[in-house]
Amino acid sequence: MAGLRLGPLLRYVDWETGSTATVWVEADRPTTAEVRCADGASGSSPTFAIAGHHYALVVVTGLTPGSTTAYEVLLGGRRVWPLEDSPFPASTITTPSTAHGGAGEDAGPAPVRIAFGSCRWAAPPPGERDAAGPDALDTLAARLAADPGAVRPDVLLLLGDQVYADEISKATRRRLAVRRDLSEPPGAEVADYEEYTCLYDESWRDPEVRWLLSTVPSCMIFDDHDVVDDWNTSAAWLAAVRATPWWHERIVSALASYWVYQHLGNLSPAALAADPLYAAVRADPDGTETLRRFAAEADADPTRARWSYRRVFGRVRLLMVDTRAARVLDEQRRSMLDAEGERWMREEALADPGSYDHLLIGTSLPWLLPPLVHDAEAWNAALCRGGRGGPDGRWARFGENLRRRSDLEHWAAFPGSFRRLTELIRTAGSGPDAPATVCVLSGDVHHAYVAEPAWPADAPDDAPGARILQLTCSPVHNAVPGPLRAGFRFGWSGAGRLLGRLLARHGRTGPAPIRWRKTGGPWFGNQLMTLTLHGRKAALTLVQAKERAAGVQLETVLEQHLTVDDQETFSQSTEC
């Protein structure tokens, strides 16, 4: 009999019809996966095979709009979820009402709650000390499980580093040591597809997280540690890593496993039905070589795959943007996105103005950084492309070395892309049909903050009408050393801004097209942000997982309205 190896994960819930969802599972052998809901909705799918593993993405149809229904998972006709003697409430699918209403202050039947964060080390086994502190996802799951009536997020955005292929746990290291000699490259890092499955097992079998992902829909995008630190930071880095004997297998396995474990669930049933790769893999008794060939081609030519995608939640539009695989790395044409990726993002952001009240751009890497960090990355990019002494000079070599050691690879390190994204955001937030907010949601930098741009005073007619914000939340479960905390704080300071201007002068980068200020943070700790969007209103909450005498708790450190004139802050902790 087939058993449930991993999952279920509730992934896509259709906000247009309110009647369709997708559920991802991994079985331990070939079988048919079925999802049955208490309200009579159901779906089934045969598993497909990749590298000896068996997966299904079940499309559930017939759900009742505006309802919450419990579901169970069957493999080969035998119930395998919920688990026997599970301490958690039933896994459920919550569908939105289809009566979204029109634009306006009170549009829509209910708020849309979007929780987001990034950078999660898997929680250690019970009894083992957690060096990173309490896991925010574990703590959220415990809170929701203890109070079935508590308000839940409508969707969870995981903005990168869902797994760490290059920073593995002791338990995973022991598993890998059974397979191969860890003194040989790549050492104590993930080497192939089978070892990637170990990472997902460790992360998603965590009982609290497993239940949470079974009942809260999720959207995901990768960042560098899903593959390796500094992934695609520069052309020189890529040339060096491609010369190693282990890289080809790593990148093919990384992209193949990402497609299976994360990307497929991001897609709507209609997109899945139109995907030729998904059809080919499902039609083949063993889709391994088909998927590996696709992954190798996607690495060699990023235009062969588009990992970015759009989701719509009533009158909220979300663009999840790939800022890793789609990069152009030639120093003279350096761009965060290739031409097709930029075209896609622009078209999706500007299509059907007036049809949404809020535009969210999910990008693992922040658009607006602490000013010193921004100027340092722009200065470094100028050095690397030869702005001081030519592309083969001493300054260029220094710049490349510094870029890799200091992770200088955010939007600011791609100056042309930064300007184009800034202009796109300004355009999207302007005009009579502008949304109420345009928010860039990011992670990566292991702290949280809120930043707001100020548009040039000499062009007031070009200033957007929308409230535009950079919302950064990281980590979900990781750590940041004390010196980096001090560095991030300094980066926002007046002295940090002055140092940044000196770097910009040395690199001849010129001023940034906008200025911005920090309006919240920095906050350090394991944390999650939640945007609550209702009609044209928006509110932001930040919670942190804290160890207290009564146990681990989620403590609110920020509650703020984003769309009222006085920007009233209801409560904000000043402790960092």
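The analysis underlying the following values was restricted to heavy atoms, covering all of them including side chains, and did not include hydrogens, waters or symmetry mates.
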> Would Y258 and Q162 count as having a side-chain donor-acceptor pair, cut-off 3.5 Å?
Replying inline: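 There is no such pair between these side chains.
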>> Pairing donors with acceptors under 3.5 angstrom, does anything connect the side chains of D299 and H248?
In response: no
Who are the side-chain contact (heavy atoms from CB on, under 4.5 Å) partners of [X], not counting sequence neighbours?
X: E202; result: A122, S169, A171, T172
X: A254; result: Y196, V227
X: V445; result: P366, L369, H410, H447, Y449, T472, F488
X: P125; result: E128

> E195: what forms a side chain to side chain donor-acceptor pair (under 3.5 Å) with it, not counting sequence neighbours?
Replying inline: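 Side chain to side chain donor-acceptor pair (under 3.5 Å) check on E195 returns R179, R180.
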>> Does the plane of the ring in F48 sit parallel, tilted or perpendicular to the ring in Y55? Use 30° and 60° as the thresholds.
In response: tilted
> What orientation do W307 and F294 show, parallel under 30°, tilted 30 to 60°, or perpendicular over 60°?
Replying inline: perpendicular
With no hydrogens and no angle check, is any side-chain donor or acceptor of [X] less than 3.5 Å from a backbone partner on [Y]?
X: T95; Y: S67; result: yes
X: R11; Y: Q262; result: yes
X: R250; Y: V190; result: yes
X: D206; Y: S203; result: no

> With respect to E409, which candidate in R403, R324, R404 satisfies the salt bridge (Lys or Arg N to Asp or Glu O under 4.0 Å) definition?
Replying inline: R324
>> Which residue in the set D223, D135, D226, D161 passes salt bridge (Lys or Arg N to Asp or Glu O under 4.0 Å) when paired with R120?
In response: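 Passing option: D135.
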Between side-chain atoms of residues 73-88 and protein atoms elsewhere (two or more places apart, or another chain), which donor-acceptor pairs fall under 3.5 Å?
{"from": "R78", "atom 1": "NH2", "to": "A2", "atom 2": "O", "distance (Å)": "2.8"}
{"from": "W81", "atom 1": "NE1", "to": "S91", "atom 2": "OG", "distance (Å)": "2.9"}
{"from": "S86", "atom 1": "OG", "to": "F88", "atom 2": "N", "distance (Å)": "3.2"}

>> Run D154 and I114 through side chain to side chain contact (heavy atoms under 4.5 Å, CB included) and show every step you take.
In response: CA-CA 6 Å; D154 293 296; I114 299 177; 5.8 Å; no
> How about L144 and P153: do any of their side-chain heavy atoms sit closer than 4.5 Å?
Replying inline: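 SC-SC contact between L144 and P153 confirmed.
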